[in-house]
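The structure appears below as structure tokens.
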Amino acid sequence: TLDLTCRRAPCFAKFSEMEEMVNMEAEINEVQPLLLSVTIGSTLQFYFIGKKCEILQDMNRHLETILKEKRDLRKRMIKHRCQESLPIEATYHKCVVQLLTEAVTFIEKLESHLQSLRSIPQIPHMMNNMDTTLSKTEVLMIELEELTEQILKWEELQKEVYSN
């Protein structure tokens, strides 16, 4: 009979509803940081994927221009140059031939000229070496002259000894 008479009071019904709402808010608060981290992670991932796509597109455009330039260069290299050059009058043919020979000789001697230019800063050192070498040579010449005189004197002495 007690169970039959026991009805839920309206105040307790409100209390249970409030308890359910608090539990639902707690669940939402637990799930919300996970959702936030997932959305931030996916947003950052999309951002970096977008940046990588832009970089790849730039590289692709750059490579396409290089390929186009390469094709153009190949075409130009295959094409005969005489079609693009300016015609030279017959009176100037001799001058052009002379100019070409001088250009070839200049190019052949270019390396030696460049080497000469590179050696300019070393000239003072080379001059000092030449001065020391010259002084050593002079000393050797003096010693050689002295030896020559001694040999001649010895030869004269030997002649005198043999003649006596």
Side-chain angles (χ1 to χ4, degrees), residues 25-164:
E25 282 182 17
E27 284 180 31
I28 289 173
N29 287 338
E30 285 178 14
V31 173
Q32 191 172 14
L34 292 173
L35 286 174
L36 183 65
S37 66
V38 167
T39 47
I40 288 174
S42 63
T43 305
L44 286 175
Q45 191 175 15
F46 284 130
Y47 173 76
F48 287 117
I49 287 174
K51 285 290 184 186
K52 286 181 182 179
C53 281
E54 287 177 18
I55 291 170
L56 286 173
Q57 286 174 348
D58 288 342
M59 286 178 60
N60 189 25
R61 281 192 290 270
H62 177 68
L63 291 174
E64 284 177 354
T65 56
I66 288 175
L67 284 174
K68 286 178 185 176
E69 289 175 5
K70 186 177 176 182
R71 284 188 208 116
D72 291 340
L73 284 173
R74 274 197 184 146
K75 285 179 186 176
R76 285 176 54 196
M77 289 174 72
I78 292 172
K79 196 184 230 184
H80 296 290
R81 296 294 299 172
C82 62
Q83 295 172 354
E84 295 179 10
S85 61
L86 295 173
I88 299 173
E89 293 181 23
T91 56
Y92 298 118
H93 282 201
K94 182 179 177 183
C95 298
V96 169
V97 169
Q98 289 174 349
L99 182 67
L100 286 175
T101 55
E102 288 180 17
V104 168
T105 55
F106 174 77
I107 290 171
E108 288 174 351
K109 294 180 181 180
L110 181 64
E111 186 61 35
S112 65
H113 293 311
L114 290 175
Q115 189 64 31
S116 299
L117 287 174
R118 286 186 201 117
S119 67
I120 287 175
Q122 300 171 355
I123 287 177
H125 180 68
M126 292 168 64
M127 291 299 291
N128 288 337
N129 286 344
M130 287 176 65
D131 287 340
T132 55
T133 306
L134 182 63
S135 61
K136 286 180 182 179
T137 306
E138 287 175 353
V139 168
L140 288 173
M141 286 296 295
I142 291 171
E143 289 178 358
L144 182 64
E145 287 175 359
E146 290 175 358
L147 279 173
T148 306
E149 287 178 13
Q150 288 177 4
I151 290 173
L152 289 174
K153 285 180 184 178
W154 181 78
E155 187 180 338
E156 287 178 18
L157 282 173
Q158 290 299 319
K159 283 183 183 180
E160 285 179 16
V161 168
Y162 282 119
S163 58
N164 290 336

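This is a predicted model, so every value here is computed, not measured.
Taken from OG1 in T133 to CE in M126, the straight-line distance is 11.0 Å, to the nearest 0.5 Å.
At most 12 heavy atoms of other shown residues, nucleotides or ligands fall within 6.0 angstrom of atom NE2 in H125.
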Could you list the donor-acceptor pairs under 3.5 angstrom formed by side chains in residues 110-122, with sequence neighbours left out?
from, atom 1, to, atom 2, distance (Å)
S112, OG, K109, O, 2.8
Q115, OE1, R118, NH1, 3.4
S116, OG, S112, O, 3.0
S119, OG, S116, O, 2.8

Extract all donor-acceptor atom pairs below 3.5 Å that involve side chains of residues 140-162 and protein atoms in other chains or at least two apart in sequence.
from, atom 1, to, atom 2, distance (Å)
T148, OG1, L144, O, 2.7

All N/O donor-acceptor pairs, side-chain side in residues 60-69, below 3.5 Å, sequence neighbours left out:
from, atom 1, to, atom 2, distance (Å)
R61, NH2, D58, OD1, 2.3
T65, OG1, R61, O, 3.4
T65, OG1, H62, O, 2.6

Could you go step by step and tell me if L100 and V96 meet the side chain to side chain contact (heavy atoms under 4.5 Å, CB included) rule? CA-CA 6 Å; L100 286 175; V96 169; 4.2 Å; yes

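When every heavy atom of N129 is checked against every heavy atom of T132, the shortest pair comes out as O-OG1, 2.8 Å.
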